[in-house]
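Scroll down for the structure; my scribbles are underneath it.
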Amino acid sequence: MSDYGHELWFGSFITPTAHPTQAPVELAQTSERAGLDLVSFQDHPYQSAFQDTWTLMSYVAARTERIRISGNVLSLPLRPPAVLARAAASLDRLTGGRVELGIGAGAFWDGIVAMGGRRLEPAQAVRAVEEAVEVIRGLWATDETGPLRVTGEFYTVNGAKRGPAPAHRISIRIGAYKPRMLRLTGKIADGWLPSLGFLPEGPASLRAMNEQIDEAASAAGREPAAVSRLLNLSGRFTSGAGGGLLQGTSGDWAEQIADLALQYGVSGFILASDEPADLNLFGHEVAPRARELVQSERVT
């Protein structure tokens with residue numbers, strides 16, 4: 001058992017397609033009407049078929065009222081952390097505290113280099129994420145005196161003024177799969193954000209990966225439960241009996257999600273779908289039933 005006792009929440013993972021332009025905005029509004037807690041967008045600035053994720057997030061923020069908004073995950077090599085810190089804090093203030101921050105070390109390096117980014121080796125990318133988090137949190141720390149100074153191998157800030165502070169404590173979640181990045185997640189992150197489809201052994205991979213995060217958190221003097229566990233999901237809703245994981249009725253989905261929460265400690269479930277019907281089922285039927293099942297198991 002790896003239930004960290006966190007409250008369950010549910011979100012959507014929407015393609016930031018450029019054509020039709022309003023499609024991802026409408027899906028974000030559908031997500032909000034469905035009662036979902038968060039809407040998120042992948043971030044691939046080198047992909048010309050996509051709209052810029054941060055611009056899209058800002059527009060969606062103005063077209064919604066309640067739902068939280070996040071990149072899933074932002075491509076750090078093309079998002080300078082000092083600028084990202086101010087952008088996130090500003091949008092969080094403008095939305096009354098609805099911004100979350102998901103970051104990744106980088107993927108598709110040819111595309112990153114084509115856009116002017118620097119190609120990093122795996123170990124370098126891990127160090128770059130650690131430095132970036134220090135910069136972001138340092139600029140948000142307006143209660144600390146003096147300007148921010150960070151001298152890093154990849155990111156240096158030399159006397160930057162702190163602020164503005166976000167409207168709420170923005171969680172920094174890291175997309176991670178390999179041991180070094182998992183250990184960094186346990187050491188410094190507020191959350192871990194992988195995708196189920198990229199786990200080599202499916203949900204079974206979560207146990208060993210959780211252990212690496214937990215061990216790193218403990219070594220850093222943190223409680224393992226300080227790191228929330230999220231999961232990007234995909235699957236298929238059916239009207240009858242399903243054929244496996246996330247292939248069935250909304251009731252099947254709820255039971256399987258409850259198991260992921262109780263057995264592997266996942267508390268944030270983000271559905272990758274651009275189908276309004278899927279988002280409505282996920283928000284109106286799967287989420288409340290999964291919460292009921294987990295709560296019932298926890299009190300017995």
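Since this is a predicted model, take the numbers as computed values, not measurements.
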Side chain to side chain donor-acceptor pair (under 3.5 Å), paired with Asp92, selected from His168, Arg68, Arg98, Arg169:
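The option that passes is His168.
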Please determine whether residues Ile136 and Val157 belong to a single hydrophobic cluster, defined as Ile, Leu, Val, Met, Phe, Trp and Tyr linked transitively by side-chain heavy-atom distances below 4.5 Å.
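Per the 4.5 Å side-chain linkage, Ile136 and Val157 are co-clustered.
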Between [X] and [Y] (salt bridge meaning N to carboxylate O under 4.0 Å), is one present in this structure?
{"X": "Arg207", "Y": "Asp214", "result": "no"}
{"X": "Arg119", "Y": "Asp110", "result": "yes"}
{"X": "Glu7", "Y": "Arg291", "result": "no"}
{"X": "Asp278", "Y": "Arg236", "result": "no"}

Any side-chain heavy atom of [X] within less than 4.5 Å of one from [Y]?
{"X": "Leu193", "Y": "Asn232", "value": "yes"}
{"X": "Leu199", "Y": "Tyr177", "value": "yes"}
{"X": "Val299", "Y": "Gln295", "value": "yes"}

NZ or CZ of Arg229 within 45° of Tyr4 ring axis and under 6.0 Å:
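Arg229 over Tyr4 ring: yes.
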Do Arg289's NZ or CZ and the ring of Trp253 fall within the cation-pi criteria of under 6.0 Å and 45°?
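Output no; distance or angle outside limits.
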Polar contact flag, side-chain donor to acceptor under 3.5 angstrom, Ser70-Ser40
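Judged by distance alone, the side chains do not pair up.
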Does Arg149 offer a backbone N or O that forms a donor-acceptor pair with the side chain of Asn158 under 3.5 Å?
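Answer holds: no.
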Got more than 12 heavy atoms from elsewhere within 6.0 Å of CD, Glu223?
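Counting neighbours around CD of Glu223, 12 or fewer heavy atoms of other residues, nucleotides or ligands fall under 6.0 Å, so no.
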